[in-house]
Amino acid sequence: MKRKEFLVSFMVLLIIIIITGCIPLPPLLPPSPLPPQYNQPDLEVVDISCVSPEGILSFTVENVGIGSMPNDWRTGPEVVVKIFSYLAELELDFPLEQVALNEPAVSSSDGGIDQPGGTSTYNTDIVIGDSYITAKVVVDYSDQINELDEENNTKLQAYFSCGRGILPDLVVEELWVLFSEDLIPGDDLNNQITIEIKNLGKRFAYGTESYPNQGYIIDFVLSSDENIPDNPTVFYFDETLFSISLPTSYWYYQEDMLVGRISLTEDVAGDGEVGYTLARYLGGEVINLPREFPTVEWGENWKRAFYLYAIIDPLYKVEEAMKDNNIFHTPVYIERPLNY
């Protein structure tokens with residue numbers, strides 16, 4: 001370039017700088033697209049925890065990649081998560097359960113794992129009785145999803161049991177009334193009611209046979225409807241719960257009537273079951289059905305549905321993971337009294 005042309009160009013540039021106050025920049029080029037292998041999801045387990053009172057193991061997965069999950073991944077082969085108890089001393093895994101991420105999560109944020117940065121939380125059926133273990137969770141165990149990083153799919157985390165894992169939880173498994181036909185007013189209930197209870201927790205539930213002051217009892221209540229009051233078989237005195245007595249006279253029906261009690265009970269191991277028959281010769285207290293039902297509407301029917309309730313541990317002697325699942329009922333049919 002000649003000297004004169006250079007000076008002209010320099011003067012033009014100087015004038016532009018003076019007028020605009022900035023140096024002109026070359027036009028910006030559009031960013032180059034990322035290679036396909038980088039635009040992928042990346043699943044990572046970010047938390048393992050215990051959900052109380054059920055005591056079940058829960059885990060949370062996050063899509064830490066910059067790509068979304070494939071559109072059809074939920075309808076394709078299962079994306080399996082495997083859960084283990086890890087024994088570090090021996091470097092051994094003990095399988096506990098597997099969960100498919102294709103199933104709905106119990107909670108999600110930011111679009112769930114379908115979207116970059118989203119999280120999804122899943123509950124398992126695992127109830128661990130040890131107070132402390134090392135839990136190992138491996139996401140996408142079978143490598144069904146092409147991920148940005150296949151080396152971050154495993155998480156080891158200290159796991160502390162809760163709820164049913166460290167406490168008993170008594171429920172009624174079955175309740176039978178053994179009459180082959182409908183009940184008749186005045187029938188003796190002795191040896192006619194059988195119950196099976198289960199401990200859903202991992203710790204012993206004490207019975208009164210071994211622990212008279214710490215064990216559970218079982219009460220039986222007859223009701224004309226499917227709604228009984230709270231604690232119908234106990235009363236408070238001086239901030240202590242006491243059992244009410246069975247009626248000394250059972251001729252007349254009273255609503256939500258105590259008709260039987262099993263006071264001598266066995267210990268129930270974790271995940272164990274125990275069965276009882278309500279019978280006097282086994283130490284149970286039981287009365288006859290009432291003969292008259294002055295508070296009950298019979299209508300034109302020759303029989304009527306009543307409901308037999310079983311209440312486990314009405315005195316709250318056993319510390320349990322859950323106390324709102326101790327009551328169970330089954331329908332029974334009583335013939336209309338002759339004088340109605």
Side-chain angles (χ1 to χ4, degrees), residues 28-88 90-166 202 321:
L28 294 175
L29 298 176
S32 300
L34 286 171
Q37 63 267 29
Y38 292 106
N39 192 26
Q40 291 179 335
D42 187 12
L43 301 179
E44 183 177 341
V45 181
V46 294
D47 187 49
I48 306 168
S49 61
C50 183
V51 179
S52 189
E54 295 86 353
I56 53 178
L57 185 146
S58 176
F59 63 89
T60 299
V61 179
E62 181 177 357
N63 181 356
V64 298
I66 60 174
S68 301
M69 293 281 278
N71 292 332
D72 60 348
W73 78 273
R74 291 186 184 277
T75 57
E78 287 189 342
V79 181
V80 172
V81 174
K82 287 201 172 184
I83 301 102
F84 304 85
S85 172
Y86 178 68
L87 188 59
L90 301 177
E91 296 186 355
L92 290 177
D93 297 331
F94 296 94
L96 297 175
E97 190 180 316
Q98 68 180 36
V99 176
L101 295 186
N102 310 57
E103 299 298 324
V106 295
S107 64
S108 297
S109 65
D110 300 323
I113 57 174
D114 292 82
Q115 302 301 323
T119 65
S120 295
T121 297
Y122 296 82
N123 288 347
T124 73
D125 294 325
I126 301 170
V127 178
I128 298 173
D130 296 328
S131 298
Y132 162 80
I133 67 166
T134 299
K136 179 179 180 179
V137 178
V138 185
V139 67
D140 192 21
Y141 189 84
S142 302
D143 293 330
Q144 294 292 338
I145 304 296
N146 291 323
E147 299 183 60
L148 181 63
D149 183 359
E150 297 286 1
E151 302 300 321
N152 63 347
N153 287 17
T154 299
K155 184 174 183 64
L156 291 171
Q157 182 173 314
Y159 181 85
F160 298 90
S161 300
C162 67
R164 287 176 176 162
I166 57 175
K202 298 296 184 182

Rounded to the nearest 0.5 Å, what separates atom [atom1] in [X] from atom [atom2] in [Y]?
X	Y	atom1	atom2	result
Met69	Arg74	CE	CZ	7.5 Å
Ile48	Leu156	CD1	CG	7.5 Å
Glu103	Ser120	CD	OG	13.0 Å
Leu96	Ser85	CG	OG	5.5 Å

Report yes if the side chains of [X] and [Y] come closer than 4.5 Å at any heavy-atom pair, otherwise no.
X	Y	result
Ile83	Phe59	yes
Ile166	Lys202	no
Leu43	Glu147	yes
Val61	Glu44	no
Val81	Val45	no
Lys136	Thr154	yes
Pro116	Ser68	yes
Trp73	Val79	yes

Flag, side chain of [X] to backbone of [Y], donor-acceptor distance under 3.5 Å:
X	Y	answer
Thr134	Gln157	no
Tyr122	Leu101	yes
Ser161	Ile128	yes
Glu54	Arg164	no

Identify the heavy atoms of [X] and [Y] that sit nearest to each other, and give their distance.
X	Y	result
Glu78	Gln144	O-CG, 3.4 Å
Gly76	Asn102	O-ND2, 3.6 Å
Ala105	Ser108	CB-OG, 3.9 Å

task: Take Ser131 and Phe160 through the side chain to side chain contact (heavy atoms under 4.5 Å, CB included) test and state the conclusion after the steps.
output: CA-CA 6 Å; Ser131 298; Phe160 298 90; over 6 Å; no

- request: Among Ile113, Asp140, Asn153, find the residue that satisfies the side chain to side chain contact (heavy atoms under 4.5 Å, CB included) test when tested with Ile145.
  value: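 Answer after filtering Ile113, Asp140, Asn153: Asp140.
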
message: Just to verify, which of Val99, Ile126, Val51 counts as forming a side chain to side chain contact (heavy atoms under 4.5 Å, CB included) with Leu57?
response: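 Only match with Leu57 under side chain to side chain contact (heavy atoms under 4.5 Å, CB included): Ile126.
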
Within the 3.5 Å criterion, strictly below it, is a donor on [X] or [Y] matched to an acceptor on the partner's side chain?
X	Y	value
Asp114	Asn63	no
Thr60	Thr119	no
Gln40	Asp149	no

- prompt: For the ring pair Phe94 and Phe84, is the centre-to-centre distance below 6.0 Å?
  reply: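 No - the distance between ring centres of Phe94 and Phe84 does not fall below the 6.0 Å cut-off.
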
message: How about OH on Tyr86, more than 12 heavy atoms from neighbouring residues, nucleotides or ligands closer than 6.0 Å, or not?
response: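 Enclosed: over 12 neighbouring heavy atoms sit under 6.0 Å from OH of Tyr86.
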
